[in-house]
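Heads up: the structure comes next, in structure tokens.
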Amino acid sequence: MKWFGVLGLVALSECLVTIPLTRIKSMRENLREKDRLRDYLEKHPYNLAYKFVESVDPDLGVYYEPMRNYLDLAYVGTISIGTPPQEFKVIFDTGSSDLWVPSIYCSSPACANHNIFNPLLSSTFRISGQPIHLQYGSGRMSGFLAYDTVQFGGLIDESQAFGLSLREPGKFMEYAVFDGILGLGYPSLSLGGTLPVFDNLWKQGLISEELFAFYLSKKEEEGSVVMFGGVDHSYYSGELNWVPVSKPLYWQLAVDSISMNEMVIACDGGCEAIIDTGTSLLIGPSDVVFNIQKIIDAKQSYSGEYIIDCDAVSTLPDIVFTINGINYSVPASAYSREDHQGTCYSNFDEGKGGLFLSDSWILGDVFLRLYFTVFNRANNTIGLAPAV
């Protein structure tokens, strides 16, 4: 049970609230061990389209949110919902804006493997009656909107809107170690105009600065944190470089270029990228990613993943993302990963789908482990500095 870890409160000060994150076994690893990965990848290709289209579509009072691909997520934190509190392991996700967990009324097999919320046990629970549907690649999760007290890191967020699942389709969540998602994106992404958790924290005066930050440790399990209301400078070196959010919907910024071996290989003339804790890999256009796989001599395996010669990793070039005039290098040791059997995999993946913008990227945990990242809502900027 070492993958679950034990999460608790580590710091609560006047200005800064820090919540520990524990690195867990990802769904990809679980599926690979059970020889189910190839089947999963065929049924659930990574689709970037949801990130660049309007995700809230009110139709007769029913709200839809595209469901994200959490195949490679590896960091969870603990929150509680209700009075008395009921605990859940969640992903703190900057690429979505809603909080949702499974409910006691969920009839799907996936819910049996996770902590489930029981409204009958909470004295502060309020139901809205509004149905919600979270869209998967091959089905949807049905549920309803409710309100209750949410707590983490000593913060007490009252009357917080959140989703409760009634049905989770397919095998998606059966292999997930986490119970639900806590979105940290902009309010414009939230279901039915509800106020996201971070906005409620600020509105209720629970944090002193309108920002939060992530430090993702390179170590196996412990050391990662998300902090609210301030920045702990001991987690990075040098100065924070501030980049404007290009579209305050996701945490999206402009990239000047992408290069390897001092040659521009993508984003020539500029492109867009999302800094996303809800994605583990580096996701880009299929033709560009295919070219990168060739450059690093990655070979496609039976499961559809790309494998790299572990002995060659030390000789492979960095990939450099130039953002606001500053180079952010990602070495081969970061864009590759070695499993417990000694096989090395590429951490690049391609976006699919007809609505995918041709030159857009998602910089996930591979990037965030290298660069401490501050998400500043007060002035819509993202701060980046080398992580220690």
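The first residue in the sequence is number 1, and the count goes up from there.
Residues passing the salt bridge (charged side-chain N to carboxylate O under 4.0 Å, His left out) test with Asp199 are Arg377, sequence neighbours excluded. Partners of Asn200 according to the side-chain contact (heavy atoms from CB on, under 4.5 Å) rule, which considers only residues two or more places apart in sequence or in another chain, are Asp157, Gln160, Leu195, Lys203, Gln204. For Ala312, the side-chain contact (heavy atoms from CB on, under 4.5 Å) partners are Asp309, Thr315, not counting sequence neighbours.
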Show the atom names and distances, to 0.1 Å, of all donor-acceptor pairs under 3.5 Å that link a side chain in residues 328-336 to residues at least two apart or in another chain.
unit_1: Tyr335; atom_1: OH; unit_2: Pro317; atom_2: O; d: 2.5
unit_1: Ser336; atom_1: OG; unit_2: Ala332; atom_2: O; d: 2.6

Output side-chain donor-acceptor pairs under 3.5 Å for residues 290-300, partner residues at least two apart or in another chain, one line each.
unit_1: Gln293; atom_1: OE1; unit_2: Ser346; atom_2: OG; d: 2.9
unit_1: Gln293; atom_1: NE2; unit_2: Phe348; atom_2: O; d: 3.4
unit_1: Asp297; atom_1: OD1; unit_2: Lys299; atom_2: NZ; d: 3.0
unit_1: Gln300; atom_1: NE2; unit_2: Gly304; atom_2: O; d: 3.3

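Ring planes of Phe88 and Phe117: tilted class, angle from 30 to 60°. Note: Phe367 and Phe321 have perpendicular aromatic rings, judged against thresholds of 30 and 60 degrees for the angle between ring planes. By the 30° and 60° cut-offs, the orientation of the rings of Phe212 relative to Phe198 is perpendicular.
Considering OG of Ser259 and CD1 of Ile265, their distance stands at 7.0 Å, rounded to 0.5 Å. Here the straight-line distance linking atom CG of Leu253 with atom OG of Ser246 works out to 6.0 Å at 0.5 Å rounding. One finds the CG atom of Leu211 at 5.0 Å from the CD atom of Glu209 (value rounded to the nearest 0.5 Å). Atom CG of Leu164 and atom CG of Leu99 lie 8.5 Å apart (nearest 0.5 Å).
Taking the six-membered ring for Trp, Phe228 and Phe152 have ring centres closer than 6.0 Å.
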I would like to know whether Ser159 and Arg126 meet side-chain contact (heavy atoms from CB on, under 4.5 Å); could you show each step before the answer? CA-CA 8 Å; Ser159 297; Arg126 291 189 297 114; 3.9 Å; yes
Could you please spell out the steps behind the side-chain contact (heavy atoms from CB on, under 4.5 Å) verdict for Ile275 and Leu368? CA-CA 8 Å; Ile275 308 294; Leu368 289 158; 3.8 Å; yes
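Other members of a hydrophobic cluster containing Ile156 are absent, since no ILVMFWY side chain comes under 4.5 Å of it, directly or through relayed contacts.
The number of heavy-atom neighbours closer than 6.0 Å to CG of Asn380, taken from other residues, nucleotides and ligands shown, is above 12.
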